[in-house]
There are 2 protein chains.
Amino acid sequence: MPKRADLSDTLCPVGRSAELLGDRAVLLILRELLFGRRRFELIAANTGLGPQLVSARLKMLVAEGVAERRAYSERPLRHDYWLTDKGKALFDVLYAMRNWSERWAYEPGETGDGPAIRYVHRTCGADVGTAKICPRCGAELGYGDLKGEPSPALKAEQVSRTG
Amino acid sequence: MPKRADLSDTLCPVGRSAELLGDRAVLLILRELLFGRRRFELIAANTGLGPQLVSARLKMLVAEGVAERRAYSERPLRHDYWLTDKGKALFDVLYAMRNWSERWAYEPGETGDGPAIRYVHRTCGADVGTAKICPRCGAELGYGDLKGEPSPALKAEQVSRTG
DNA sequence: GATAGTAACTATGATAATCATAGTGACAAG
DNA sequence: CTTGTCACTATGATTATCATAGTTACTATC
């Protein structure tokens with residue numbers, strides 16, 4: 001490829017975020033970080049991305065202020081990656097993607113019985129389905145408000161990736 | 001590049017949609033289609049993408065059932081592209097991207113005074129800001145419910161692209 | 001104290017996606 | 001019959017991505 005066209009100077013808000021989010025590797029890494037998987041090797045294993053690509057994208061996310069690199073051990077020196085507030089706010093985007101997929105991206109019965117991931121509202125316990133606001137208590141649903149439970153089939157897939 | 005890793009068989013809903021949406025060109029084309037710009041040349045001009053890429057992505061969107069190719073003129077034969085219901089449902093994702101950008105992706109004052117795009121709820125007239133549900137009437141906000149008004153600066157940018 | 005293990009990366013070469021630019025086909029208008 | 005429009009396709013250079021292997025720095029085990 002040639003150098004990718006630069007949209008970072010467009011004023012369009014979709015164009016701006018597309019510069020960051022219009023990249024499979026970035027989306028997959030964000031998924032891992034949002035699920036609380038912070039370690040390099042775990043991210044690489046779960047996403048199936050090569051270490052070089054993971055490394056490059058994590059550097060980019062740090063440079064963009066979306067993630068933060070922290071030492072979690074001094075001896076031996078080890079680092080992991082945490083989302084900043086700017087990064088946590090991307091939950092809404094990935095949640096919208098998840099909702100779209102649950103509705104449109106599976107063949108009937110492909111995920112077993114229910115959704116691929118069941119989300120429960122932490123504060124009231126309701127299964128939110130694919131709603132944007134909690135169907136029981138009406139609260140908005142953002143980062144940290146939901147507890148995700150993968151279906152047995154998805155859980156099996158995740159285990160097979162991490163070994 | 002090598003063949004891009006295929007995620008279309010993953011059960012993870014984010015992974016599945018990432019296969020489609022983790023691509024700058026796709027996001028930009030969807031933006032155009034959601035804004036009602038259906039003609040090939042207009043899409044190419046507004047996105048800044050080359051015709052080959054636009055052509056390839058539109059074919060893919062049609063193959064995925066996200067868009068539809070229709071003849072809008074018989075003589076001369078001319079085609080344009082319309083979103084299907086599956087495509088219209090992606091509004092939620094792009095709207096979440098827009099909301100994130102409005103909050104996190106601009107320097108202070110960069111868009112002038114207000115947001116880069118002001119959204120008004122069609123049925124009640126409220127300026128929704130960056131809310132997920134209408135702050136006045138409480139309705140959920142989906143495809144077709146909002147009227148977007150670009151800021152003067154963004155409008156100028158759009159005009160400069162299309163000539 | 002030499003070997004094996006762990007975690008976070010970096011290096012290398014092959015492959016293919018992207019870009020810039022130019023060109024095509026079918027028709028309409030002047 | 002030349003120019004213009006619109007939806008594309010063709011070509012070659014560039015470069016991002018993948019697969020695989022290697023590196024660094026330390027710990028744990030034999």
Side-chain angles (χ1 to χ4, degrees), chain A residues 1-8 10 15 18-29 32-33 37-63 67-82 161-163, chain B residues 1-8 10 15 18-29 32-33 37-63 67-82 161-163:
Chain A
M1 307 180 211
K3 201 183 200 163
R4 55 195 291 179
D6 194 5
L7 294 169
S8 53
T10 184
E19 192 69 12
L20 180 71
L21 300 175
D23 181 295
R24 266 176 46 261
V26 166
L27 292 175
L28 295 176
I29 291 171
E32 297 304 310
L33 294 175
R37 293 187 274 256
R38 290 180 267 272
R39 289 196 5 257
F40 188 98
E41 296 282 304
L42 204 50
I43 293 170
N46 277 317
T47 57
L49 301 168
Q52 189 154 159
L53 190 49
V54 175
S55 173
R57 289 302 185 276
L58 283 172
K59 270 187 186 123
M60 177 187 163
L61 291 175
V62 169
E68 232 177 53
R69 189 170 180 263
R70 292 189 197 169
Y72 68 88
S73 154
E74 288 299 337
R75 310 183 51 77
L77 187 54
R78 297 262 193 274
H79 296 278
D80 61 0
Y81 295 87
W82 295 71
R161 280 182 195 277
T162 40
Chain B
M1 305 181 213
K3 202 184 203 163
R4 54 194 293 181
D6 194 4
L7 294 169
S8 52
T10 184
E19 193 70 8
L20 180 71
L21 301 173
D23 182 296
R24 267 175 47 260
V26 166
L27 291 176
L28 296 175
I29 290 171
E32 297 305 311
L33 294 176
R37 293 187 275 256
R38 291 180 267 274
R39 292 199 0 262
F40 187 99
E41 295 283 302
L42 204 49
I43 293 170
N46 278 318
T47 58
L49 302 168
Q52 188 153 156
L53 190 49
V54 174
S55 173
R57 288 303 185 274
L58 283 172
K59 270 189 186 121
M60 176 186 164
L61 291 175
V62 170
E68 230 176 56
R69 186 168 182 265
R70 293 188 197 168
Y72 67 89
S73 154
E74 289 299 336
R75 312 183 49 81
L77 187 54
R78 297 259 193 275
H79 296 278
D80 59 2
Y81 295 86
W82 296 71
R161 281 184 195 276
T162 38

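As the structure is a prediction and not an experimental result, all values here were calculated from the model. Letters go in sequence order (proteins before strands), and every chain restarts at 1.
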Between B/Ala25 and B/Arg57, what is the shortest heavy-atom contact and its length? CB-CG, 3.9 Å
Nearest heavy-atom approach of A/Arg38 to A/Leu33 is CA-CD2, 4.3 Å
Nearest to the side chain of [X] - [options]?
{"X": "B/Tyr81", "options": "D/dC8, C/dC19, C/dC9", "value": "D/dC8"}
{"X": "B/Asp23", "options": "C/dA7, D/dC6, C/dT18", "value": "C/dT18"}
{"X": "B/Arg69", "options": "D/dC8, C/dA8, C/dT18", "value": "D/dC8"}
{"X": "B/Pro76", "options": "D/dT20, C/dA28, D/dC8", "value": "C/dA28"}
{"X": "A/Leu49", "options": "D/dC18, D/dC8, C/dA7", "value": "D/dC18"}
{"X": "A/Arg24", "options": "C/dT18, C/dC9, D/dC18", "value": "D/dC18"}
{"X": "B/Arg78", "options": "D/dA7, C/dC9, D/dT9", "value": "D/dA7"}
{"X": "A/Leu53", "options": "D/dT17, D/dA7, D/dT9", "value": "D/dT17"}
{"X": "A/Phe40", "options": "D/dC8, D/dA7, C/dA8", "value": "C/dA8"}
{"X": "A/Arg75", "options": "C/dT18, D/dT27, C/dA7", "value": "D/dT27"}

Closest nucleotide of DNA chain D for B/Leu58 versus for A/Pro51: which of these residues is on the 5' side? B/Leu58
Roughly, in whole Å, what's the span from [atom1] in [X] to [atom2] in [N]?
{"X": "B/Leu42", "N": "D/dC8", "atom1": "CG", "atom2": "C1'", "value": "15 Å"}
{"X": "A/His79", "N": "C/dC9", "atom1": "NE2", "atom2": "P", "value": "7 Å"}
{"X": "A/Glu74", "N": "D/dA25", "atom1": "CD", "atom2": "C1'", "value": "13 Å"}
{"X": "B/Glu19", "N": "C/dA17", "atom1": "CD", "atom2": "P", "value": "12 Å"}
{"X": "B/Trp82", "N": "D/dA7", "atom1": "CH2", "atom2": "C1'", "value": "17 Å"}
{"X": "A/Ile29", "N": "D/dT17", "atom1": "CD1", "atom2": "P", "value": "11 Å"}
{"X": "A/Arg37", "N": "C/dA7", "atom1": "CZ", "atom2": "C1'", "value": "18 Å"}
{"X": "B/Met60", "N": "C/dA17", "atom1": "CE", "atom2": "P", "value": "12 Å"}

For the side chain of A/Ser55 and the backbone of A/Pro51, is there at least one donor-acceptor N/O pair under 3.5 Å apart? no
So, does [X] get its side chain near the phosphate of [N], meaning an N or O under 4.0 Å from OP1 or OP2?
{"X": "B/Lys59", "N": "D/dT9", "answer": "yes"}
{"X": "A/Ser55", "N": "C/dA8", "answer": "no"}
{"X": "A/Tyr72", "N": "C/dA7", "answer": "no"}

Filter on side chain to side chain donor-acceptor pair (under 3.5 Å), then keep only pairs touching residues 67-78 of chain B, sequence neighbours left out; what's left? B/Glu68-B/Arg70, B/Arg69-B/Tyr81
Can you say whether a donor on the side chain of B/Gln52 sits under 3.5 Å from an acceptor on the base of C/dT21, or the other way round? no
About how many Å separate CG of B/Asn46 and CD of B/Glu32, when rounded to the nearest 0.5 Å? 4.0 Å
Interatomic distance, B/Leu49 atom CG to B/Leu58 atom CG [nearest 0.5 angstrom]: 10.0 Å
If you assign B/Leu77 and A/Arg38 each to the DNA chain C nucleotide with the nearest heavy atom, which residue ends up on the more 5' nucleotide? A/Arg38
